[in-house]
Amino acid sequence: MISYSLPSRKRIKIVALILLCIGFVLPGKAQTGTQGIIPQPVKIKSDNITYVFSREFKIGLGPGISASNVTFFKDYIRLVRDIHKTTPFVNHKMAASNLWLQINPKRVSQPEGYTLEVKPHRITITGHDEAGVFYGLQSLVQLLDINKSEIAVKGYSITDYPRFAYRGMHLDVSRHFFDPQTIKKWIDLLALYKINTFHWHLTDDQGWRIEIKKYPLLQSVSAYRDETIIGHKKDSPHRFDGKRYGGYYTQDEVKDIVKYATQRHITVIPEIEMPGHALAALAAYPQLGCTGGPYKAATYWGIFDDVYCAGNDETFTFLQNVMDEVLPLFPSKYIHIGGDECPKTKWKACPKCQKRIKDEHLKDEKELQSYFIGRMEKYLNSKGRQIIGWDEILEGGLTPGATVMSWTGEEGGIAAAKQHHEAIMTPEKYVYLDYYQSLYPAEPLSGGGYTPLGKVYNYEPVTNELNGEEAKYIKGVQANAWSEYMASPAQAERQLFPRMLALAEVAWSPKQSKNYDGFLKRLRYHQPLLNLNINAAEVYDEITDSVAETADHQVALNLQTTLPGAKIFYTTDGTDPGVNAKEYGGPIIVASTGSIKAAVFMKDKQVGRVYEKSFTIHQAIGKTVTLKNQPQGGYNPGNTFGLVNGVFGSKLYNDGQWYGFSGDDLEAVVDLGSMQNVSKLGINILKYHWQKMWEPTLLTFEVSADGTNYTEVYRQTDFPDNGINAVRANIKIQQARYIRVKATNKGIIPPGEYIAGAKAWLMVDEIIVQ
Ligand code: ACM
Ligand code: ZN
C-alpha cells in the first residue's frame, strides 16, 4: 500500500503475499484495529452493499483531471494484481467506468474537498478540484478490502474537506542528508495522509544541501562537514567520528522532487536559513561573516555565534543571488527564510553591523534582525513571493507581509494572528517529531523532549486566546523533524511514523470529531501496512504512568495502556512480569524502596517492552514543600509533590520530574510535620553545560526545629559530573522538623561557554531526607 514506486515484480509478489496474510499472521494487537480513514473524514457512512472490483477495472477521468492523479491508485491495484488479476484502465466515459472521477465545485464547495460514493454499479469521486479528487482516491485506497479473493469495498458515502489549508511536514536535511528516492517515498506518505505542504529545511550550520550554480563552493565546501559528533550533544567531552559527511541535491534533483510532490498535490516550501544557522555557507564565503573567519561547517548541533553579517551589503547580494536560483525551482507562494536562533554577539562587536544600526536608525540588534528579514522580504515580494519565518522574527517587529511559524511555543503564532499576520503552528512541545515518543529507557537517542503520539494527536492549533477574526489567521499546523539524531532513513522513519499520522488528523479533521481512541483503532489497522515499507514505531500502546499523592500522603503509581482488552501484569521483586505476576487493578501504593516492572499482555501474549520504575522511599515523601522561587517553562511540574515523590528525574530530563530555575536560585523548605531524627540529606542536580544546565555555585542544607532559626549542616560547591550529580550528605544525627535547601544559580552563562550571556538553568529533583 505504501510503496508506489514499485521496484520489481518479485517485490510486488512478496508485498502482495504479506498483505494477503495480514489477517492470519498478526498478533492480537492488530486485530483490535478497525478499518478506517486517517485522517478521519468529516462525514462517513457505510451501508450493507459491497462493490467488488472486476478484473478489467476502468477508471474514468472527467474533464480537468490529469491522469497523474490516478498513478498511485493504479500502482496499488497492481500491487495486488497477481492475486486478484485486476488491471485498471483509464478512460473518459462515465458510463464505461467502474470508478468515475469528476470535478464539480458546485457540488463540493470546499477547496480540496471531495465526496466518495460507493454504489453496487460504480464508485464515484467528486472533487472540488483535482486535489479533492486525489484525496478521494487516498480515502478509497484506505477502504479497500484486499484480504479476500477479490478486491472489494463496502458501500461508503463520504463527504470530506480539510479543516486547515496549510497541513505541513518539515524535514531537516542539513544535519543528516536523505537521498531523493527516500524523500519521494516519504512524499507518498504525506499524500496518502492528505498533508499538502513539505517544508524542506535545506541549509544550516552543518551542511548546505541545494546546488547554487553561481556559488560553486556551496557544493564543494558548504555541503560537507569534516566529521560528526557521536552520541548526544550534552555528553561531555564531545567525541567525533572522524568521517567527512555530506551531500547536496542538484537543481535537477530538486526539480524532479518538486514535480513529484506537485503531482501529489504537495507544495514544497524551501527554507534558506538566515541570518543565523549560517556556518556552512560562511565556511565557503567567510567575507559574509562579521569577523571574516575562517569558519567551518559545524560538526555538532546547536546555536552558533557566527552568523551572516547584517552590515555587509555583499551578504544581501549573496542571498538574493541564491534566491534567484532557488525561486525558479520552487513555484510555492511562500519562501521560508528561517530567522530563528540568531545570536547577536558578533553583531554587537562588528563595526559594519553597528554602522548599519546607526545609519538605519535602529534601536538595537533585534531591530537589526528585523531590518535583515525586511530587506529580504522586500526582495522576495518583488519576485511575487511571501516570506515565512520562525517566531523570532517577531523580536524586532514583524515585517509587513511575514507569516510566522510558531515553534518556541504558541505565543508567537498568537501574537502574529493578533497583528493580523498569518501564522502556522508548530510548537515544539507538541509537534516536534525529533523528540522522544516514549519514556522507556530503551528508546533510541533523540533530541530531547517528549511528544508521544497522544500529545501530538490532542494538540489544538487554535487557542482560546484568539477571537473568531484572529483565529482565521491560523493557516494551519505542521510537524517538524530535525535530523540531528536521525542518521539513517530507518531512524527518521521511526521518529516520523506514526506520529505524522496524528498530525495529519490534527490538520485535516474537524475539531469536534477528534477522538484519540478512535484514531488508535484505525492506526492499529494501518500499522501492519505501514510496517511493510516503513520502519514505523509501535510503542503507543506500551505503558504510560503517573505518580500521584494519596490522601494520606503516600506515593501511588498509576499505570495505563491504550490497548483495549489488554491487561497489565507487574512485579516488585525485579523479575520480568509474566501472566502469573500480579494483575494491575488500580493505583499501586509504593511503601518501600525498590523497582516496579510491568508489561502489557493481550491474550496472554506480551505486547511491547517491559516498563520499569524505581522508587526511593524516605522521610520527606509527601511532606509539604515551600519554594521561594517558582520553577519555569517546561521544567515546572506544577506542584511540589514531585520534589518528594520518591522518583528521581532521568538523565533525559523529559519525564516531568525535574524542577528548573532559569537564572533564579532554589530555596526550598520541607516541613516534616514533626521533630524527627535526621542523619542523611540529599538532592539531585542536573549538569549539562551543553544544554545550558549549570550546577549551583553553592548548595547548602540547613535544619531547624521552629522554621525560623536554621543551622547549616552541609555545604557543597563542587559538582563534577556531567549529568546527574547525586548529592548525599551524611550529617551528625539530630532532631529537626524543617529542612531548608538552598542552591545558588550560576546566573549568566560565562564567556567562552555554550550560549554565553544567556541565563543558566538550575535543575533539581527530589529532596531526600533519611
Ligand atoms: C527551530 O526549532 N529552531 C525552529
Ligand atoms: Zn557584522
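Note that ligands are numbered from 1 as they come in the structure, with each ligand's atoms numbered from 1 the same way.
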Report summary line: Row for the Zn ion (ligand 2): angle SG (Cys353) to SG (Cys290), 10° precision, value 110°
Requested in this report: Check whether any N or O atom of His277, backbone or side chain, sits under 3.5 Å from an N or O atom of ligand 1, and answer yes or no.
Outcome: no
Query raised in the report: Hey, does Glu341 come in under 3.5 Å of ligand 1, counting only N/O atoms on both sides?
Result: yes
Query raised in the report: Do any N/O atoms on Tyr432 end up under 3.5 angstrom from N/O atoms on ligand 1?
Result: yes
Query - Shortest protein contact, atom 3 (N) of ligand 1 (heavy atom only) - result: Asp340 OD2, 2.6 Å
Requested in this report: Can you label the angle between the Phe318 ring and the Tyr308 ring as parallel, tilted or perpendicular, going by 30° and 60°?
Outcome: tilted
Report task. Show your reasoning for whether side-chain hydrogen bond (donor to acceptor under 3.5 Å, both in side chains) applies to Tyr653 and Gln691. Result -> CA-CA 11 Å; Tyr653 54 87; Gln691 297 293 97; 2.7 Å; yes
Query raised in the report: Would you call the rings of Trp482 and Trp390 parallel, tilted or perpendicular if under 30° counts as parallel and over 60° as perpendicular?
Result: tilted
Query raised in the report: Would you find a donor on one side and an acceptor on the other, under 3.5 Å apart, between the side chain of Thr426 and the backbone of Gln478?
Result: no
Query raised in the report: Taking the side chain as C-beta and beyond, is there a heavy-atom pair between Gln437 and Val539 under 4.5 Å?
Result: yes
Report task. Give, rounded to 10 degrees, the angle between SG (Cys309) and SG (Cys350) as seen from the Zn ion (ligand 2). Result -> 110°
